[in-house]
There are 2 protein chains.
Amino acid sequence: MAIQRASLVEITMDRIKSHILENNLKENDKFLSEKELVNQLQVSRTVIREALRSLESIGILKVKPGDGTFVGSGNFDSIKTILKHHFEAYGVKIRELLEIRKVIELGALRLIIEKELKVDVHYLTEINHAYYQAIQEHTDTKAHDQLFHQQLIKETQNQTFYHFADVIQDYFSLVKMDVTQNKENLLMSYQEHQKIIQALQQKNLQTAQMVMTQHFKPVFQYIHEMEGNKS
Amino acid sequence: MAIQRASLVEITMDRIKSHILENNLKENDKFLSEKELVNQLQVSRTVIREALRSLESIGILKVKPGDGTFVGSGNFDSIKTILKHHFEAYGVKIRELLEIRKVIELGALRLIIEKELKVDVHYLTEINHAYYQAIQEHTDTKAHDQLFHQQLIKETQNQTFYHFADVIQDYFSLVKMDVTQNKENLLMSYQEHQKIIQALQQKNLQTAQMVMTQHFKPVFQYIHEMEGNKS
DNA sequence: ACATATAATATGGTCAGACCAATTTTAATT
DNA sequence: AATTAAAATTGGTCTGACCATATTATATGT
């Protein structure tokens, strides 16, 4: 089988990536202009533009009309875009995503406790209290609940884990789930949050994981019922 | 502040994605030609090509010279490409990646046991035996070890989790770690695998997770020493 | 000397036409 | 029916032109 020859566009993309790495360019750094790239790489502006557009779509570069080309931010927005399309094209099993969330959150608890990290109990309690207020005032509780879980991941002091979890959470939020909980369940949820905080303080992994599992129960139940309805 | 107007290329990308979704196009389906797109969307071939290239780089399309444009496979190769560049540009903390692996694998054990799944004990034992053979014959043991862990993830019967774990494993393998283990440690590793299989059979989550934690210990130790050397 | 307006320049966006390269399809020949 | 050659289709690359956006330099007024 013949070796598949790379196109000039592909070669150009590799050259640009190498240039970024070799020059230690960081996010928002000014990159070479199209004209400079044409001169340096000795290819047409068409090839340069196709390469730049491709690198832009995966977040490596950012192109601004009239201004120039810049190194992209190191965030995972492009991965989120890919997953969004993947979700739209192929869908996803909600149960699978929920299981992944459970893996992540129970894992977070374990990391915090096994690494003997000192969690920001005050801030977590503050978030949970705001959650309680929202429950009482019948305002949006989802944001508070999500902030609580997000802060737990942050408390693991593992930035890569935090970013991956963020991507997955974003993927998860693409799924439209109408789990409208009544006040009683919401209050229970608030109490579970409180118990998780306590368990973290007491460095009790078993309890923390048990309560978190409890926390997920209503949503798993909901999905179980949805899946049952489809049978 | 004025609303930032989308370029024709961006509009074209959206139109193409919509076309894929609305026509339920699946991977490897033949897509429209450049000529057809020019006629249909009434933009220049330059705009079409830039859009196609961009969509190719995120895996949504696949362009073959002389043949045509096809819908991309639904795999996560493009995500791996993004993470590879991200790793090369920004690096990653090995400890953080290892912690994530631990979260994933301990979580996999939990999923298997809590979902009361019947694991393929025979196949897992087979893989582990091949691992043992490789240890005895001083051949490459990494592939067998990785296959074992990969199979564990597969036994969770959660495809999304499996694919995400695969992406992270790929990211992890970018890190060159020279953890050359001696035979004694490798044999211990083999025994740990055996114990994990037994614990799964007995549906003993605590034992399975404890042994898996044990399994990770040498690498965490290695990283701890590396980090110590840098202090 | 400073502020404002205008012009020039730099940079990216889009277009059309031409030509090359790879693959497929069609037609001609045996 | 099989083989070969030609034609057509499809993507790759190039050049030059012109438009749009943003920045920089220059001119003008106070």
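Here is the naming used below: chain letters follow the sequence lines, and residue numbers restart at 1 for every chain. None of these values were measured; they are calculated from a predicted model. What's counted below: heavy atoms across the whole structure, side chains too, no hydrogens, waters or symmetry copies.
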Specify the separation, in whole Å, of atom [atom1] of [X] and atom [atom2] of [N].
{"X": "A:K30", "N": "C:dT11", "atom1": "NZ", "atom2": "C1'", "value": "8 Å"}
{"X": "A:E10", "N": "D:dT13", "atom1": "CD", "atom2": "P", "value": "8 Å"}
{"X": "B:L52", "N": "D:dT10", "atom1": "CG", "atom2": "P", "value": "13 Å"}
{"X": "A:E50", "N": "C:dG13", "atom1": "CD", "atom2": "C1'", "value": "14 Å"}
{"X": "A:R49", "N": "C:dA16", "atom1": "CZ", "atom2": "C1'", "value": "15 Å"}
{"X": "B:M13", "N": "C:dT14", "atom1": "CE", "atom2": "C1'", "value": "17 Å"}
{"X": "A:N39", "N": "C:dT11", "atom1": "CG", "atom2": "C1'", "value": "14 Å"}
{"X": "B:I48", "N": "C:dT14", "atom1": "CD1", "atom2": "P", "value": "11 Å"}

Counting side-chain heavy atoms from C-beta on, which of [options] comes nearest to [X]?
{"X": "A:T46", "options": "C:dA16, D:dT15, C:dG12", "result": "D:dT15"}
{"X": "B:S33", "options": "D:dT10, C:dG13, C:dT24", "result": "D:dT10"}
{"X": "A:P65", "options": "C:dT23, D:dT21, C:dA16", "result": "D:dT21"}
{"X": "B:D67", "options": "D:dG12, C:dT14, C:dT23", "result": "C:dT23"}

A:I79 side chain near B:L83 side chain, heavy-atom distance below 4.5 Å: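 Result yes, sub-4.5 Å side-chain heavy-atom pair found.
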Please evaluate residues A:R53 and A:E56 with respect to the criterion salt bridge (Lys or Arg N to Asp or Glu O under 4.0 Å), reporting the C-alpha separation (whole Å), side-chain torsions for both, the decisive distance (0.1 Å), and the verdict. CA-CA 5 Å; A:R53 280 291 186 182; A:E56 184 179 29; 3.5 Å; yes
Considering heavy-atom distances to DNA chain D, does A:V47 or B:T69 have its closest nucleotide positioned more toward the 5' end?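 Nearest-nucleotide comparison on DNA chain D picks B:T69.
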Please figure out whether A:G66 or A:V43 has its closest DNA chain D nucleotide nearer the 5' end.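 By nearest-heavy-atom nucleotide position, the 5'-most residue is A:V43.
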Looking at B:H149 versus B:H193, is the centre-to-centre ring distance below 6.0 Å?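 When the ring centroids of B:H149 and B:H193 are compared, they turn out to be within the sub-6.0 Å range.
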Using atom types as modelled and distance alone, determine if a side-chain donor or acceptor of B:D29 lies under 3.5 Å from a backbone N or O of B:K26.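 Here the side-chain-to-backbone pair exists.
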Parallel, tilted or perpendicular: which describes the rings of B:Y190 and B:Y132, with under 30° parallel and over 60° perpendicular?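 Ring orientation of B:Y190 relative to B:Y132: tilted.
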Using OP1 and OP2 only, check whether a side-chain N or O of A:S44 sits under 4.0 Å from D:dT13.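 No, A:S44 has no side-chain N/O under 4.0 Å of OP1/OP2 on D:dT13.
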Is any side-chain N or O of A:R45 under 3.5 Å from a base N or O of C:dG13, one able to act as donor and the other as acceptor?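 Checked by distance alone, the answer is yes.
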